[in-house]
Amino acid sequence: MTAPVFVVESLERAGGAEFVLDGPEGRHAVSVKRLRAGEDVVLTDGHGRWAEGVVKAAEGKDRLVLELGAVAEEAPERPRITVVQALPKGDRGELAVETMTETGVDAIVPWAAARCITQWKGERGAKALGKWRATAREAGKQSRRVRFPEVADAATTKQVAALLAAADFAAVLHEDRDYGSEALASADLPAEGEIVLVVGPEGGVSPEELALFEEAGAKAYRLGRTVLRTSTAGTAATALLLGRTGRWS
């Protein structure tokens, strides 16, 4: 079993020294994980910097004293994979974020598509975005990542089109017998740069959105014979891309 991961604000000046993990992360380590002297941990800032540590002592209910090794930095993966995720209903958004994070996506962009039933507005939208970001953080820890995916602010369709236009490979997952699409499993993928993948809502990507995205350089692709829900399609596509680009080699 790999060592549990805990998040700290900064690892500056932490390498090779005694370090105290307290606050919510310390409480989780001591009271939930029940870590004790001699056990291994990993600290990360979630942006690629990390250090291995050994527990020296657990104090109270929320204070873990560690002896840290040298701080290392994990380089960003290439090619970078961004998934534009249409807003699902209920808690399916958090499910999509959780599984995409565990799989290895690099960035997630919430998208208010025309056919989305859910709409993020005002305080409700800010709360929903906060849940997505918290989910990415917790899933990053659970999957032992040290570079967590970025969860951007909710994007409009025009903003998504701009992302697609700047990508090295741009794709829209779309299954429609009356609309030509190619198999993502056989697409010509770049070894470097940025891959941007659009996952539409349960009602599908509208004709107007497809036309705008096509104008931006994105083609329509399908995953297979079955139709996946919006909360699982991004995870399946990310796994396919990670395997095909060699990132899972």
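The figures that follow rest on heavy atoms only: side chains count, while hydrogens, waters and symmetry mates do not.
The two residues Thr99 and Thr103 come nearest to each other via the heavy atoms O-OG1, 2.6 Å. Here the shortest heavy-atom pairing between Val97 and Thr101 reads O-OG1, 2.7 Å. Minimum interatomic distance between Glu9 and Asp45 (heavy atoms only, all atoms of both residues): O-CB, 4.1 Å. The two residues Leu228 and Ala236 have their closest heavy-atom pair at CD1-CB, 3.6 Å. Between Leu87 and Pro110, the shortest heavy-atom contact is CD2-CB, 3.8 Å. When every heavy atom of Ala216 is checked against every heavy atom of Ala161, the shortest pair comes out as CB-O, 3.4 Å.
The closest donor-acceptor contact from the side chain of Arg115 to the backbone of Gly200 lies at 3.5 Å or more, if one exists at all. Under a 3.5 Å cut-off, the side chain of Ser31 and the backbone N or O of Lys61 do form a donor-acceptor pair. Of the possible polar contacts, one joining the Arg144 side chain to the Ala3 backbone as a donor-acceptor pair under 3.5 Å is found. Under a 3.5 Å cut-off, the side chain of Gln85 and the backbone N or O of Thr230 do form a donor-acceptor pair. Side-chain N or O atoms of Glu25 include one that pairs as donor or acceptor with a backbone N or O of Val7 at under 3.5 Å. In terms of modelled atom types and a separation under 3.5 Å, the side chain of Arg244 and the main chain of Ala187 share a donor-acceptor contact.
Glu209 contributes atom CD, which lies 14.0 Å from atom CD of Glu214 (distance to the nearest 0.5 angstrom). Taking CZ from Arg247 and CG from Asp106, the interatomic distance works out to 4.0 Å, rounded to the nearest 0.5 Å. Between the CD atom of Glu194 and the CG atom of Leu163 there is a distance of 8.0 Å, given to the nearest 0.5 Å.
Two rings, from Phe19 and Phe6, have their centers 6.0 Å or more apart.
Applying the side-chain contact (heavy atoms from CB on, under 4.5 Å) test to Glu73 and every residue at least two apart in sequence or in another chain returns Arg49, Arg147.
Of the charged side-chain nitrogens involved, none lies within less than 4.0 Å of a carboxylate oxygen, so that Glu202 and Arg92 do not count as a salt-bridged pair. For Glu150 and Arg80, the salt-bridge test passes: some basic side-chain N is under 4.0 Å from an acidic carboxylate O. Look at Arg133 and Asp153 and you find a salt bridge, because one of the NZ, NE, NH1 or NH2 atoms lies within 4.0 Å of a carboxylate O, short of that distance. Using a 4.0 Å cut-off between charged side-chain N and carboxylate O, Lys219 and Glu182 make a salt bridge.
Using cut-offs of 30° and 60° on the angle between ring planes, the pair Trp120 and Trp132 is perpendicular.
In terms of hydrophobic clustering, with Ile, Leu, Val, Met, Phe, Trp and Tyr side chains grouped at heavy-atom distances under 4.5 Å, Val160 and Ile108 are assigned to different clusters. Both Leu223 and Tyr221 belong to a single network of hydrophobic side chains, linked directly or stepwise wherever heavy atoms of I, L, V, M, F, W or Y lie under 4.5 Å apart.
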Margin query: The test is side-chain contact (heavy atoms from CB on, under 4.5 Å); show your working for Leu197 and Ile81 and say whether it passes.
Written below: CA-CA 8 Å; Leu197 179 72; Ile81 299 174; 5.7 Å; no
Check: Given the rule in the side-chain contact (heavy atoms from CB on, under 4.5 Å) test, do Glu192 and Asp168 qualify, once you have shown the distances and angles that lead to the verdict?
Finding: CA-CA 8 Å; Glu192 298 285 338; Asp168 296 281; over 6 Å; no
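Counting Ile, Leu, Val, Met, Phe, Trp and Tyr side chains that sit under 4.5 Å apart, directly or through other members, Val5 shares a hydrophobic cluster with Val42, Trp50, Val146.
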